[in-house]
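The structure appears right after this line, and notes come after that.
Numbering of residues begins at 1 and proceeds along the displayed sequence.
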Amino acid sequence: MIKALPIHIQQVVKTYGRIHALDHVDLEIKSGEFLTLLGPSGSGKTTLLMVLAGFTRPDSGSVRFGDREVIRTPPHKRDVGMVFQNYALFPHMTVAGNIGFPLRLRGVQKDDIHQRVEHALSTVQLDGLGDRRIDQLSGGQKQRVALARAIVFEPRILLMDEPLSALDKKLRDHMQIELRRLHEKLGITTVYVTHDQREALTMSDRVAVINHGRLIQCDSPRTIYDYPASPFVANFIGESTLIPVKRSNGNVVLDGQVLKVSGAVPDGRCSLMLRPERLTILPDRRNPDYNVFPGVVEEVVFQGESFVAYAVLESGTHVSMRGISQRETVASLPSRGKAVLLGLHWEETVLIPEANEDAPG
Ligand SMILES: Nc1ncnc2c1ncn2[C@@H]1O[C@H](COP(=O)(O)OP(=O)(O)OP(=O)(O)O)[C@@H](O)[C@H]1O
Ligand SMILES: [Mg+2]
C-alpha cells in the first residue's frame with residue numbers, strides 16, 4: 001500500500017485574459033480519498049487538474065501535497081500519476097514501452113523496469129499484452145494502459161481527466177467499478193474529473209461541484225444529492241423542480257400551505273426542491289408525515305421499469321413524479337386531466353437557498 005498524501009488547495013486563481021478559469025478555489029482533499037471534480041464544460045475542471053499536475057502555473061494561491069508547497073515543482077518531481085482524457089499514449093511504442101516510460105524517465109534499472117511493468121500490467125488485467133502495439137488495442141485496453149502508466153511508479157497522488165468518456169456505456173460502467181476497486185487496493189489520493197453526474201455519484205468519496213471556476217459545494221454523494229447547496233447543484237445533479245416559497249410568522253409557506261421541512265431553513269430567499277422520485281401519489285390527505293400538493297395530471301408516460309407522471313400544481317407550476325412500475329401502482333395510475341394529490345414526505349422536504357454564487361464571475 002502506497003503512503004497517500006493529502007492535498008491542500010488554497011485561494012488558487014487562474015485567468016486567461018478576461019476568463020476566470022479558477023476563481024479563488026479552496027479545497028482540502030484527504031489522504032487516500034477519491035474526490036471527483038464535477039462541472040459543466042468550461043467550468044475549470046481540467047485547469048484545476050493541470051494545476052495539481054504541474055502543467056499549469058496558477059496566477060496566485062497555494063497547492064500543498066502534505067506539508068510540501070508544490071507550485072514551483074515541475075510535473076515529473078511531483079510524485080503524481082496522470083491519466084489524460086485522450087490517453088496520450090505513444091503510438092509507436094509497445095504496451096510495455098508505454099508503461100515503462102515513466103520509470104525510464106526516473107532512471108530506474110532495466111530489470112526493475114521489467115518487473116514493475118509486469119506488475120502494473122497484471123494490476124490492470126492486461127497480463128501477456130506487453131508486446132502489443134497500441135494501435136492493436138481496443139478503447140478499454142488503451143484506457144488500462146494509460147492507467148498502468150500512471151500508477152507504475154507508485155505515485156502518491158493519481159489524477160484522471162475524464163478517463164472513461166471515450167468508452168461505450170457498458171464498458172464505462174464496468175471500468176467505473178474497476179477503477180473504484182483499484183483505488184481501494186492502492187489507497188492513492190485520487191482526483192477524478194468528469195462532467196457525468198452519475199459517474200461522480202457512483203465512484204466518489206466526495207464530489208466537488210464547480211461552475212465558472214468556482215467551487216460551489218464539496219460533499220459526499222448523498223449530501224450533494226439530498227442537500228444541494230444552491231439551485232445550480234440541485235439542477236446539475238439529478239432532476240428537480242425548484243419552487244420559490246414564502247415566509248410567514250417563521251413558517252415556510254407554499255400555495256397558502258405551511259410546509260413541514262427537514263433540516264435548517266436557510267436565511268433569505270429559498271426554494272422548495274421537488275425531485276421526481278421523491279414524490280408519491282397519495283390516496284388522501286390523512287398522513288401527517290406528508291406535505292400535500294394538489295394538481296392535475298397532464299400525462300403519464302410508461303418507461304418500462306419506471307413511469308413518469310407530469311402534473312400541474314394549483315400555482316401553475318409543472319412538476320414530474322417518477323415511480324417504479326409495479327403491477328398495482330401502474331394499474332392505479334390516474335389518467336390525463338384527473339386530479340391528484342402529490343405527496344412529499346417531510347424528511348424529504350428540503351429548501352435550497354437562492355444563491356448568487358451561481359452567476360458567472
Ligand atoms: N490555454 C488556455 N487558453 C485560454 N483559455 C483557456 C485555456 N485553457 C482553458 N481555458 C478556458 O478556461 C476555462 C476552463 O477550461 P477547462 O478546460 O478547465 O474546462 P473544463 O471544465 O475542463 O471543460 P470540459 O468539460 O469541456 O473539458 C474555459 O473557459 C476555457 O476556455
Ligand atoms: Mg476538461
Side-chain angles (χ1 to χ4, degrees), residues 1-39 42-85 88 101-108 146-147 149-163 182-183 186-194 200 204-220 357 361:
M1 194 85 134
I2 294 154
K3 185 148 182 344
L5 276 180
I7 303 174
H8 312 282
I9 302 167
Q10 282 171 344
Q11 292 291 301
V12 166
V13 173
K14 177 69 192 176
T15 53
Y16 292 107
R18 298 219 313 271
I19 294 171
H20 289 259
L22 295 174
D23 192 354
H24 298 87
V25 173
D26 283 315
L27 185 57
E28 296 285 320
I29 303 169
K30 295 178 194 122
S31 172
E33 182 171 34
F34 194 117
L35 182 126
T36 296
L37 302 175
L38 175 68
S43 56
K45 305 180 296 293
T46 295
T47 306
L48 185 53
L49 214 64
M50 288 300 173
V51 165
L52 296 181
F55 295 111
T56 297
R57 172 83 71 91
D59 303 348
S60 57
S62 148
V63 175
R64 281 180 298 129
F65 293 168
D67 299 330
R68 190 162 58 105
E69 174 63 62
V70 294
I71 286 288
R72 280 165 220 291
T73 311
H76 66 281
K77 294 200 172 147
R78 286 199 181 194
D79 209 1
V80 158
M82 173 102 196
V83 180
F84 298 89
Q85 181 170 347
F101 183 77
L103 298 174
R104 291 198 295 280
L105 199 67
R106 287 166 174 78
V108 177
L147 185 62
R149 188 179 60 178
I151 59 173
V152 71
F153 57 98
E154 303 193 341
R156 293 167 76 172
I157 290 169
L158 179 60
L159 307 175
M160 291 188 266
D161 194 353
E162 311 228 13
L182 189 67
H183 173 259
L186 301 177
I188 311 181
T189 307
T190 301
V191 185
Y192 188 93
V193 164
T194 183
S204 324
D205 293 320
R206 283 191 306 158
V207 178
V209 181
I210 54 176
N211 192 25
H212 299 299
R214 295 188 203 164
L215 181 69
I216 310 284
Q217 183 174 10
C218 183
D219 270 311
S220 70
E357 72 206 9

Please check this pair: side chain of Arg78 against backbone of Thr73, looking for a donor-acceptor N/O pair closer than 3.5 Å.
yes
I'd like to know if the side chain of His212 reaches the main chain of Ser43, judged simply by a donor and an acceptor atom lying under 3.5 Å from each other, with no hydrogens or angles considered.
no
Spatial distance of atom [atom1] ([X]) from atom [atom2] ([Y]) [nearest 0.5 Å]:
X      : Y      : atom1 : atom2 : result
Leu49  : Phe84  : CG    : CZ    : 8.5 Å
Phe101 : Phe153 : CZ    : CZ    : 11.0 Å
Lys77  : Arg72  : NZ    : CZ    : 15.0 Å
Asp205 : Ile29  : CG    : CD1   : 11.5 Å
Leu186 : Ile151 : CG    : CD1   : 5.0 Å

Are side-chain heavy atoms of [X] and [Y] found at a separation under 4.5 Å?
X      : Y      : answer
Tyr192 : Pro163 : yes
Ile7   : Phe65  : yes
Asp23  : Leu215 : no
Thr46  : Leu48  : no

Kindly write out the residues that satisfy side chain to side chain contact (heavy atoms under 4.5 Å, CB included) with [X], not counting sequence neighbours, or none if the list is empty.
X      : result
Leu147 : Val83, Val124, Leu158, Met160, Leu179, Leu182
Gln10  : Asp26, Glu28, Ser62, Arg64
Pro58  : Val12, Val51, Ile71

Check residues 31-39 and write down every donor-acceptor pair under 3.5 Å in which the side-chain atom is one partner and the other belongs to a residue at least two apart or another chain.
residue : atom : partner : partner atom : Å
Ser31   : OG   : Ala4    : O            : 3.3
Glu33   : OE1  : Lys30   : N            : 2.9
Glu33   : OE1  : Arg206  : NH2          : 2.9
Glu33   : OE2  : Arg206  : NE           : 2.5
Glu33   : OE2  : Arg206  : NH2          : 3.4
Thr36   : OG1  : Ser204  : OG           : 2.6

Looking at Thr189 and Leu5, what are the two nearest heavy atoms and their distance?
OG1-O, 2.6 Å
Test side chain to side chain donor-acceptor pair (under 3.5 Å) applied to Thr194 - qualifying residues, sequence neighbours left out:
Glu199
Please list all pairs passing the salt bridge (Lys or Arg N to Asp or Glu O under 4.0 Å) test where one or both residues lie in residues 46-59, with sequence neighbours left out.
Lys14-Asp59
